[in-house]
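Notes to accompany the following structure.
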Amino acid sequence: MNWTQTFIPTLKETPSDAEIVSHQLLLRAGLVRKLTGGLYTFLPAGLRVLRKIERIIREEMDRAGGIEVLMPALQPPEIWQQSGRYETARDVLFKVKDSAQREWVLGPTHEEVITHLCASEINSYRQLPKCFYQIQTKFRDEIRPRFGLMRAKEFVMKDAYSFDASDDGAMASYKRMYDAYTRIFARCGLRAFAVEADTGVIGGNHSHEFMVPAETGENDVVYCETGAYAANIEKATSRGPVEATPSDGTGGAPEKFATPGVVTIDALAAAPHSIPASRQIKTLVFLVDSEPTLFLLRGDDQLNEAKLMARTGAVNARAATAEECAAALSAKPGSLGAVSGVPEKVKVYADEALRGARGMATGANEDGFHFRHVDIERDIRVTQWADLRTVRAGEACGASGLPLKIRRAIEVGHVFKLGTKYSDRMNATFLAENGTRHSLVMGCYGIGVTRTLQAVIEQSNDKDGIVWPVAVAPFEVCVTPLGVAAGSPTRAAADALVAELEAAGIEVILDDRDERPGVKFKDSELVGFPLRVGIGEKSLAKGELEFKPRGGVLEPVMVADAAAKVIAWVQAGRAGLR
RNA sequence: CGGGACGUAGCUCAGCCCGGUAGAGCACUUGGUUUGGGGCCAAGACGUCGCAGGUUCAAAUCCUGUCGUCCCGACCA
């Protein structure tokens, strides 16, 4: 392929609307262009990378027993109503109307479609297990598209769905996909690791996310350096706060005291009251499926809303407004408490870290007053104890006991064991060997293909541009003659080398642009080809070409040896050695 | 949806405070020159200053509204 015959519009300057390095490089290296927020055109070089990642995914999915299909992006709303997600996923569903004003849904994911298919096509345990996958464009009405391909309204996803006759079978399918994902990311040259994850709106009871460590990621991952534990912060647990919860109460009854104007944890912790945050009980009011509900945490802890959703089983939940708090209890936020004045029907969830807490302070449910000497188990009607707090760095790992750490990461894949959530609702059943009817046991597995592409760039770049792993580079080799005129010695040597490499199946681009050397060198580094072979008059006169691995040092190579050396270098790269 | 920033040439940006002729660099076209790390010289083309109202003799500039982009939060592969 000649550079002048394709289209790689590089940019010398950084576009002003790209914030993170991978987004800047996507644009600067001429891989994509924005149509509008969250919508991108893949240009030839970007498309080549996308296709290579897809090929790796297909190979590994096929190897893991996956069966490729292609489902419609346009879907009838009825199946979404049947699964219940027409409501729960409402915020991300793109809806369109046809000329008869009938509504359709643009698929953000395909549990409904595949379950509908299997409901009619799978009838017997003899047809199981099955694992279907597709690579397809998804549509999500993202509240805030961000960072180029990282979070887009339209993106390419590999999604897979397993169907088993039993829970054990489903676990085996889950494990096969988990292992396939590990291989896929490794083959893409990504350093990714699996963490325990919350299941969110997809549902299910067992889940891992595949994370690429990056400061620009949108997730916080809690992990133990021993490798004993890693989890998304939405799910993570520990042995509890570093500072133990006070259990040294006076034994006296709760005592109301005046705290005019004190409406924050910090204010109560400051003079004159000087009650440490760890000795306070924080009272939060949420509307859980429209029901006012109390959540009690230690003053220095943060409520984890993913845990709130999981523990309550809520479809929708949000913090109550000041007015709603006042209506449910008798005070505004800042003076709320659960010692008295909580209507019998209001549920009170208390965080496990508060178990046994004595001598605590909390709002008196009366503006301007707090209680002290509160013993939670004696003085508060707790409906349910639950893990609700967000883990903080430094807390002891539940497995190893060592301090946990927290780092940012990009989620590139997510595997779920779904169980029978969808098959139950959509009547996807089969007859077992003994003639009884059962719901199919499902799993679902996603990889953000376009996001993975950008994650590779985010993880693999330097001051000059992208440093592609050989396995996903748009071209493996860039041949750069400094003189391109037909018949010139440099052009002749370049043409000969390219022909030999192409014959050997190497993906090579010939930079045949009539540009100054500096421009060509800068561009080859910006786009990030793994290997550049420079051909200049001076070295050619000595019978040499210049072999320059991206990020490595320049090395002269004899013309006669060049092709063999390049081929060996690329093949080593394909094997994952670089 | 809440908070913030910004919309001027293909790109990066200046001009706006303090109203009066629309600018620079890069990119592009032509010619010359140069030729191992984003050259140099000359000439040229490229703009409804996001859009709509308003104030004014006069608006890129001031006011109002609106649309869009980007960042921070809630959502997710």
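Note on naming: letters A, B, ... go to the chains in the order of the sequence lines (proteins, then strands), and numbering restarts at 1 for each one. All values reported here derive from a predicted model rather than from experimental measurement.
No hydrogens or angles considered: a donor-acceptor pair under 3.5 Å links the side chains of A:Trp80 and A:Gln75. Side chains of A:Thr293 and A:Tyr349: no donor on one and acceptor on the other come within 3.5 Å. Under the 3.5 Å distance criterion, with hydrogens and angles disregarded, a donor-acceptor pair is assigned to the side chains of A:Gln134 and A:Asp159. Side chain to side chain, A:Tyr422 and A:Arg85 meet the donor-acceptor criterion of an N or O pair below 3.5 Å.
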- For side-chain contact (heavy atoms from CB on, under 4.5 Å), just list the numbers for A:Leu294 and A:Val285, CA-CA rounded to whole Å, side-chain angles, deciding distance to a tenth of an Å, and then say yes or no. CA-CA 5 Å; A:Leu294 297 193; A:Val285 183; 3.4 Å; yes
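Using a 4.0 Å heavy-atom criterion, one finds that A:Gly536 contacts the bases of the nucleic acid, with or without backbone contacts as well. Looking at heavy-atom distances under 4.0 Å, A:Asp91 makes no contact with the nucleic acid at all. Across all strands, A:Glu515 comes closer than 4.0 Å to no nucleic acid atom at all (heavy-atom distances). At the heavy-atom level, A:Arg513 lies nowhere under 4.0 Å from the strands shown. If you check every strand for non-hydrogen atoms under 4.0 Å, A:Arg28 touches a base.
For A:Glu13 against B:rG25, a side-chain-to-base donor-acceptor contact under 3.5 Å is present. Contact of A:Arg151 with B:rC76 (side chain to base): a donor-acceptor pair of N or O atoms is detected under 3.5 Å. Side-chain to base pairing of A:Arg318 with B:rC1: no donor and acceptor N or O lie closer than 3.5 Å to each other. Contact of A:Arg144 with B:rG2 (side chain to base): no donor-acceptor pair of N or O atoms is detected under 3.5 Å. On a pure distance criterion of 3.5 Å, no polar donor-acceptor pair joins the side chain of A:Thr36 and the base of B:rG68.
Listed candidates were B:rA74, B:rA77, B:rG37. Nearest to the side chain of A:Arg532 is B:rG37. Minimum atom distance to the side chain of A:Arg146 is reached by B:rC75, of the listed B:rG36, B:rC75, B:rC11.
Rounded to whole Å, the separation between the C1' atoms of B:rU66 and B:rG25 comes to 33 Å. Going from the C1' atom of B:rG15 to that of B:rA22 covers 9 Å, rounded to whole Å. Nucleotides B:rU30 and B:rA45, compared at atom P, are 15 Å apart to the nearest Å. To the nearest whole angstrom, the two C1' atoms, one in B:rC46 and one in B:rG4, are 34 Å apart. Taking atom C1' on both B:rC49 and B:rU61, the two are 10 Å apart, rounded to the nearest angstrom. Across B:rC17 and B:rC63, the matching P atoms stand 9 Å from one another, rounded to whole Å. On the C1' atoms, B:rC11 is 33 Å away from B:rC1, given to the nearest whole Å. Only the P atoms considered, B:rA5 is 15 Å distant from B:rG65, to the nearest whole Å.
In this structure, A:Phe521 forms no aromatic stack with the base of B:rG36, since the conditions of centre separation below 5.5 Å and plane angle below 30° are not both met.
Between A:Lys158 and B:rA77 there is no side-chain N or O to OP1 or OP2 distance below 4.0 Å. Under 4.0 angstrom from either OP1 or OP2 of B:rC70 there lies at least one side-chain N or O belonging to A:Lys34.
Residue order along RNA chain B, read from the 5' end via each residue's closest nucleotide, puts A:His23 first among A:Val412 and A:His23. Toward the 5' end of RNA chain B, the nearer of the two residues A:Leu482 and A:Thr450, judged by each one's closest nucleotide, is A:Leu482.
Pairing for B:rU56 is absent, judged as Watson-Crick or G-U wobble with the two contacts each under 3.5 Å. Both distances falling under 3.5 Å, in either a Watson-Crick or a G-U wobble arrangement, place B:rC40 opposite B:rG32. Across all strands shown, B:rG47 forms no Watson-Crick or G-U wobble pair with both distances under 3.5 Å. Remark: B:rA24 base-pairs with B:rU12. Criterion, Watson-Crick or G-U wobble with two distances under 3.5 Å. In this structure, B:rA5 forms a base pair with B:rU69, meeting either the Watson-Crick or the G-U wobble geometry with both donor-acceptor distances under 3.5 Å.
Between A:His206 and A:Tyr174, a ring centre-to-centre spacing shorter than 6.0 Å is recorded.
The cationic atom of A:Lys153 (NZ for Lys, CZ for Arg) does not lie both less than 6.0 Å from the six-membered ring centre of A:Phe94 and within 45° of the ring axis.
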